[in-house]
Amino acid sequence: MNYGIFASKIFSKDAKYVKLIDERGLKWSCTIQNNPHPYNHVKIGEKWGSMVRVRNYREETHIMFGSPKFGNAWELFVKK
């Protein structure tokens, strides 16, 4: 996820965790890590892989992220 376009408006650079909520209401606790190299982006980890498998997301699946607020968001809504 590109930090400059979307993530910078949602997360502070020192944020470590986010709860992803899918379209079925299932909650997934994920780590987030700001990676400035080779380009400034945010890496989502921990339960992200499990969510991708359970929700049957594939390589070219378009996923939308939404947040109830800007700034220090603790939750993101995820929809295919």
Pairs flagged by salt bridge (charged side-chain N to carboxylate O under 4.0 Å, His left out) wherever residues 56-67 is involved - sequence neighbours left out:
none
Among Val54, Ile21, Val78, Ile44, whose side-chain contact (heavy atoms from CB on, under 4.5 Å) with Trp28 holds?
Val54
Output the distance between atom CD (Glu46) and atom OH (Tyr17), rounded to the nearest 0.5 Å.
6.5 Å
Gap separating the CG atom of Leu76 from the NZ atom of Lys19, nearest 0.5 angstrom:
11.5 Å
Could you walk me through whether Met51 and Tyr57 pass the side-chain contact (heavy atoms from CB on, under 4.5 Å) test, one step at a time?
CA-CA 8 Å; Met51 186 179 112; Tyr57 296 157; 3.8 Å; yes
As an exercise, state the distance from OG1 of Thr61 to CG of Asn56, rounded to the nearest 0.5 Å.
7.5 Å
Write down the atom of Gly45, the atom of Cys30, and the distance for their closest heavy-atom approach.
O-CB, 3.3 Å
Report yes if the side chains of Glu23 and Phe77 come closer than 4.5 Å at any heavy-atom pair, otherwise no.
no
When you compare the side chain of Ile32 with that of Lys43, does any pair of heavy atoms fall below 4.5 Å?
no
Taking C-beta and beyond as the side chain, do Ile63 and Lys80 meet within less than 4.5 Å on heavy atoms?
no
